Amino acid sequence: MKITERDIPPRATWALEQAGIHPLLARLYAARGVSHPEQLDDGLAKLLPPSSLKGAAEAAVLLADAMARKQRLCIVADYDCDGATACAVAVRGLRLLGAQHVDYLVPDRVVDGYGLTASIAERVHARGADMLITVDNGIASLDGVARAKALGLQVLVTDHHLPAAQLPDADVIVNPNQPGCDFESKAMAGVGVMFYVLLALRAELRQRGLIDAQNQPKLDALLPLVALGTVADVVRLDANNRRLVAQGLKRIRAGALPVGVAALFRAAVREARAATTFDFGFALGPRINAAGRLSDMTLGIECLLTDDAGRADELAKLLDTINRERREIEGGMRDQAMLIAESLFAEDEEAPPAISVFDPDFHEGVVGIVASRLKDKLHRPTFVFAASAAPGKEHELKGSGRSIPGFHLRDALDLVAKRHPGILIKFGGHAMAAGCTVAEEHFDTFEQALAQVAHEWLDTATLTRRLDTDGALAPEYRRVDLVDTLHREVWGQGFAPPTFSEEVEVVSQRLVGEKHLALKLKHQGQPVDGIWFGHTEPLPQRVKLAFRLDADEWQGVRRVRFLVEGAEL
């Protein structure tokens, strides 16, 4: 591992400090591209206007007309946290704006696969819907949209995934990544796209004189769900996404949150009044995702939709139980996948430039998490496959991939498909995460083809794990109150949480729980505790560590603790 330090532009740091921002925060913001205090304004007025999102105005007209005719609307969701929150935002928001008939349907990961399929379109039609609205999916659903149209349904696609060369023949498409869209925030999550459609719909209803600006429904009540889905989907936290997340966090901390979200905080033993982006990504998000991985995402969506606190607690506890089961399954799969991956190269050799693993006993609902764990461990683009559990498709393998910086996973799959026609039954995704389906007999060909693309695209520098940090931590900043200040900020993908690095003295070290390294350190001559989760190898007496700040409580006293992220050995 190579530990590096981010550039900290002195002029930007000075400008932020002059605006009254704490010197440590000023330094951290400047290193992340913030050069003016105005960029830190997270007010709703600073959000990008819905009018700049291609298709939003047309979607608003389509929805307003349907509502005027009292038509039946059906949301087709996705089975991850972004899809679940987007569905909840759509249902709650449409009802808030006056829609009388709003239903939803969520595909089954095993039976239906990803996206709007022809069979799902038929189920929506059978429910008596007049309009089908996708959230967090649909941009690649050519057959599903065509079938829905053939059945007489109007189709509104809201999505954020990258489109293929051909777009579905929907009535309206809202996707910041579609051709011709000038919306600045290309990284918006599916839940954010749906929220913007609702903003546009509210504006259309105002224009029609159906509501007025003084008494219009308050869509900001949906922002806690937008924030949760945005962080959980690990999209880049550009300025607009950071504002959406910041606004959601403010409402949650103030107690203005759906009862289902409050119940999830309790189930995760987290404090909603001190909510952080970490809670979204590592506590609430995984519990909602677990329903889609092992059970039925309807459980997660119902938890977000209910206004009954007792029902919300029941569902949150059920989601917590499913998540515990998910962790058990993941643990066994992760160990087996690592053994398979390590068998691909000798102990004294470098790992191949891309990793693909398959085991007949793998669970398809957990392959994405395991791929992420292997990617983190080996620093290689990684695909993990499981046999499909769908009836009649037992010969198919469903794979989920995670990538490293510098390797666009969806583009790589596209090249594999072009070089080996027929190998990929279907594929899709982003730069850093993607999925595909292959016939089991073609797994070896896929493995070799992906490794070949990685060999061509990746060089030694890219294949070397690099940990960007914010440099040394001044001892006066090693304070509990500053830990709390840092935790309250919006950090995430593309706006990395603060990580410091410098050489420290290791006074003592011991294993706890057989898989974590507890440390007693001297940081600039002063004692501080540290812990390296998931690491068991002992450290030398002096070592350069990369670490985040945390506060540990013992007998009612809170003390600063270093969470070790890596070491340069």
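Keep in mind the model is a prediction, meaning the values are calculated, not measured. Just so you know, these numbers use all the heavy atoms, side chains as well, and skip hydrogens, waters and symmetry mates.
Between the R270 side chain and the R266 main chain, no donor and acceptor come within less than 3.5 Å of each other. Side-chain N or O atoms of Q541 include none that pairs as donor or acceptor with a backbone N or O of E505 at under 3.5 Å. No donor-acceptor pair under 3.5 Å is formed between the side chain of D335 and the backbone N or O of M333. When atom types are taken as modelled, the side chain of H516 and the backbone of G534 share a donor-acceptor pair closer than 3.5 angstrom. When atom types are taken as modelled, the side chain of D359 and the backbone of D361 share a donor-acceptor pair closer than 3.5 angstrom. Panel note: side chain N240, backbone L48; a donor-acceptor pair is recorded below 3.5 Å. Side-chain atoms of R373 never come within 3.5 Å of backbone atoms of R334 as a donor-acceptor pair (strictly under, hydrogens ignored). Side-chain atoms of H160 come within 3.5 Å of backbone N or O of M188 as a donor-acceptor pair. One N or O on the side chain of T485 and one on the backbone of D481 form a donor-acceptor pair closer than 3.5 Å. Checked by atom type and distance alone, the side chain of D470 never pairs as donor or acceptor with a backbone atom of E5 at under 3.5 Å.
In this view, R327 satisfies the side-chain hydrogen bond (donor to acceptor under 3.5 Å, both in side chains) rule with no residue, not counting sequence neighbours. Judged as a side-chain hydrogen bond (donor to acceptor under 3.5 Å, both in side chains), and not counting sequence neighbours, E447 has no contacts. For the salt bridge (charged side-chain N to carboxylate O under 4.0 Å, His left out) test, residues two or more places apart in sequence or in another chain that qualify with D468 are R466. The salt bridge (charged side-chain N to carboxylate O under 4.0 Å, His left out) check on R402 picks up nothing, with sequence neighbours excluded. The salt bridge (charged side-chain N to carboxylate O under 4.0 Å, His left out) test applied to R243 returns no partner, not counting sequence neighbours.
Distance CG/L344 to OG/S356: 8.5 Å, rounded to 0.5 Å. With rounding to the nearest 0.5 Å, the separation of CG in L517 from CD in Q509 is 5.5 Å. Atom CD in E271 sits 12.0 Å away from atom OG1 in T276 (nearest 0.5 Å). Atoms CG and CG, from L228 and L304 in turn, are 7.0 Å apart once rounded to the nearest 0.5 Å. Within the model, atoms CG of L264 and CG of L284 stand 5.0 Å from one another, a figure rounded to the nearest 0.5 Å. Atom CG in N175 sits 11.0 Å away from atom CZ in F183 (nearest 0.5 Å).
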Practice problem: Check the pair S501 / K544 against side-chain contact (heavy atoms from CB on, under 4.5 Å), numbers first and verdict last. | Solution: CA-CA 7 Å; S501 63; K544 184 176 183 179; 4.3 Å; yes
Quiz item: Run the side-chain contact (heavy atoms from CB on, under 4.5 Å) check on V193 and F195 step by step: do they pass?
Solution: CA-CA 5 Å; V193 175; F195 181 69; over 6 Å; no
Quiz item: Could you walk me through whether F427 and T437 pass the side-chain contact (heavy atoms from CB on, under 4.5 Å) check?
Solution: CA-CA 6 Å; F427 68 93; T437 303; over 6 Å; no
Quiz prompt | W532 and L539: CA distance, side-chain angles, deciding distance, side-chain contact (heavy atoms from CB on, under 4.5 Å) verdict | solution = CA-CA 11 Å; W532 192 346; L539 295 173; 3.8 Å; yes
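Using a 4.0 Å cut-off between charged nitrogen and carboxylate oxygen, D376 and R465 do not count as a salt-bridge pair. Taking 4.0 Å as the cut-off between side-chain N and carboxylate O, R542 and E503 count as a salt-bridged pair. Using a 4.0 Å cut-off between charged nitrogen and carboxylate oxygen, K250 and D42 count as a salt-bridge pair. Remark: D552 does not engage R558 in a salt bridge, criterion side-chain N to carboxylate O under 4.0 Å. Salt-bridge annotation for D529 and R561: absent, with no side-chain N of the basic residue lying under 4.0 Å from a carboxylate O of the acidic one. With respect to the salt-bridge test (charged N to carboxylate O, under 4.0 angstrom), the residues E17 and R27 do not qualify. Comment: R488 does not engage D484 in a salt bridge, judged by the lack of any side-chain N to carboxylate O separation of less than 4.0 angstrom.
Using a 4.5 Å cut-off on side-chain heavy atoms (C-beta onward), P381 and I404 make contact. Between S185 and P176, every side-chain heavy-atom pair lies at or beyond the 4.5 Å cut-off. Between L511 and K515, the closest side-chain pair of non-hydrogen atoms is not below 4.5 Å. Side-chain contact check for D411 versus L415: every heavy-atom pair is 4.5 Å or farther apart. Residues L545 and E565 are not in side-chain contact: their nearest non-hydrogen atoms beyond the backbone lie 4.5 Å or more apart. Between H408 and L162, some side-chain heavy-atom pair lies under the 4.5 Å cut-off. Using a 4.5 Å heavy-atom cutoff, the side chains of I369 and V384 are not in contact. Using a 4.5 Å heavy-atom cutoff, the side chains of R326 and P286 are in contact.
Relative ring orientation between F358 and F443 is described as tilted, the plane-to-plane angle lying within the 30° to 60° band.
Between the side chains of Q39 and S35, a donor-acceptor pair is found at a separation under 3.5 Å. Side-chain polar atoms of Q526 and R478 form a donor-acceptor pair below 3.5 angstrom. Judged purely by distance below 3.5 Å, without hydrogens or angles, the side chains of H161 and Y114 pair a donor atom with an acceptor atom. Counting only N and O atoms by type, the side chains of Q448 and Q452 include no donor and acceptor under 3.5 Å apart.
Taking the six-membered ring wherever Trp is involved, the centroid distance between the rings of H523 and F500 does not fall below 6.0 Å. Aromatic rings from H487 and F278 are positioned such that their centres are separated by 6.0 Å or more. Ring centroids of F446 and F383 are separated by less than 6.0 Å, placing the two rings close together.
Screening V191, D80, D78 against D233 for a side chain to side chain contact (heavy atoms under 4.5 Å, CB included) leaves a single residue, D80. Each of I322, N289, N323 was checked for a side chain to side chain contact (heavy atoms under 4.5 Å, CB included) with L294, and the lone residue meeting it is I322.
Between V560 and V528 the shortest heavy-atom distance is O-CG2, 3.7 Å. Annotation for I21 and A26: closest pair CG2-N, 3.7 Å, computed over non-hydrogen atoms. When all heavy atoms of A291 and L319 are compared, the closest pair comes out as CB-CD2, 3.5 Å. Residues C303 and A312 come closest through the heavy atom pair SG-O, 4.1 Å. Summarising the geometry of L244 relative to A227, their closest heavy-atom pair is O-CB, 4.1 Å, with the distance given to 0.1 Å.
Geometrically, R242 engages F495 in a cation-pi contact, judged by NZ or CZ lying under 6.0 Å from the ring centre and within 45° of the ring axis.
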Solution key, residues 348-355 side-chain donor-acceptor pairs under 3.5 Å, sequence neighbours excluded:
from, atom 1, to, atom 2, distance (Å)
E349, OE1, A346, N, 3.0
E350, OE1, R380, NH2, 3.1

